[in-house]
Amino acid sequence: MDVSKRIIRLRESCGLTQNGLAERAGVSQTHLRRVELGQADITIGHLQLLCDAMSISMQEFFEEESEADEMATAFAKLSPKQKTLLLTFLESL
């Protein structure tokens, strides 16, 4: 599991910016940025703070996302127009 990518996916699914998550968790935004870029490691303590800030357990953090979860996350990021176009395309298949 790529911890940095998992943090990014979960943070974005919560609708949080790096700064917003760092502030909620009480950690440095600079450190969080470096962790997300894979330039720094994260301690269990800091990971617990991030999980608490995103209202998830450590177990949930380490559970693998299913393909359906990944698709739902990607779909949620689309604009309303993009969603309509995608649904139209899928219905045409």
Side-chain angles (χ1 to χ4, degrees):
M1 167 185 281
D2 186 329
V3 172
S4 61
K5 287 181 183 175
R6 182 76 170 141
I7 292 170
I8 293 167
R9 278 196 303 272
L10 290 168
R11 175 178 59 76
E12 289 176 346
S13 72
C14 290
L16 294 169
T17 62
Q18 277 183 352
N19 195 45
L21 177 56
E23 188 173 303
R24 265 190 184 181
V27 299
S28 160
Q29 188 270 337
T30 302
H31 181 64
L32 178 57
R33 179 178 49 80
R34 292 185 66 232
V35 167
E36 287 189 358
L37 290 172
Q39 298 173 345
D41 293 326
I42 188 164
T43 65
I44 293 295
H46 275 161
L47 185 56
Q48 184 64 61
L49 291 171
L50 295 178
C51 287
D52 290 346
M54 294 185 285
S55 300
I56 62 169
S57 68
M58 290 284 271
Q59 180 179 346
E60 289 171 301
F61 181 87
F62 286 105
E63 287 176 352
E64 291 293 325
E65 272 188 313
S66 70
E67 190 174 308
D69 291 337
E70 290 180 38
M71 290 182 359
T73 300
F75 188 79
K77 293 179 187 178
L78 298 176
S79 71
K81 183 177 180 178
Q82 290 172 320
K83 289 177 183 177
T84 301
L85 290 170
L86 178 59
L87 290 172
T88 302
F89 170 75
L90 293 172
E91 289 170 354
S92 72
L93 295 176

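Only this structure's heavy atoms are used, side chains among them; waters, hydrogens and symmetry mates stay out.
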Flag yes if more than 12 heavy atoms outside [X] fall under 6.0 Å of its [atom1] atom; otherwise flag no.
X   : atom1 : value
Q59 : CD    : no
D41 : CG    : no
K5  : NZ    : no

[atom1]/[X] to [atom2]/[Y] distance, rounded to the nearest 0.5 angstrom?
X   : Y   : atom1 : atom2 : value
Q82 : T84 : CD    : OG1   : 10.0 Å
N19 : T30 : CG    : OG1   : 9.5 Å
L16 : L10 : CG    : CG    : 10.5 Å
K81 : L86 : NZ    : CG    : 14.0 Å
E36 : L21 : CD    : CG    : 7.5 Å

- Would you say the side chains of Q48 and D52 form a donor-acceptor pair under 3.5 Å? yes

Tell me whether [X] contacts the main-chain N or O of [Y] through its side chain, where contact means a donor paired with an acceptor under 3.5 Å.
X   : Y   : answer
R33 : Q18 : no
E23 : G20 : no
R6  : E63 : yes

What are the two closest heavy atoms between [X] and [Y], and how far apart are they?
X   : Y   : answer
C51 : M58 : SG-SD, 3.8 Å
A40 : H31 : CB-CE1, 4.0 Å
S4  : G38 : CB-N, 4.4 Å
R24 : A53 : NH1-O, 3.1 Å

Do [X] and [Y] sit in one hydrophobic cluster, given that two such residues count as connected whenever their side-chain heavy atoms are within less than 4.5 Å of each other, even indirectly?
X   : Y   : result
F75 : L85 : no
I7  : L37 : no
V35 : F61 : yes

- Query: Picking from L32, V27, V3, L49, what satisfies side-chain contact (heavy atoms from CB on, under 4.5 Å) with I42?
  - Reply: V3

- Is R11 close to L50 at the side-chain level, that is, under 4.5 Å between some pair of heavy atoms? no

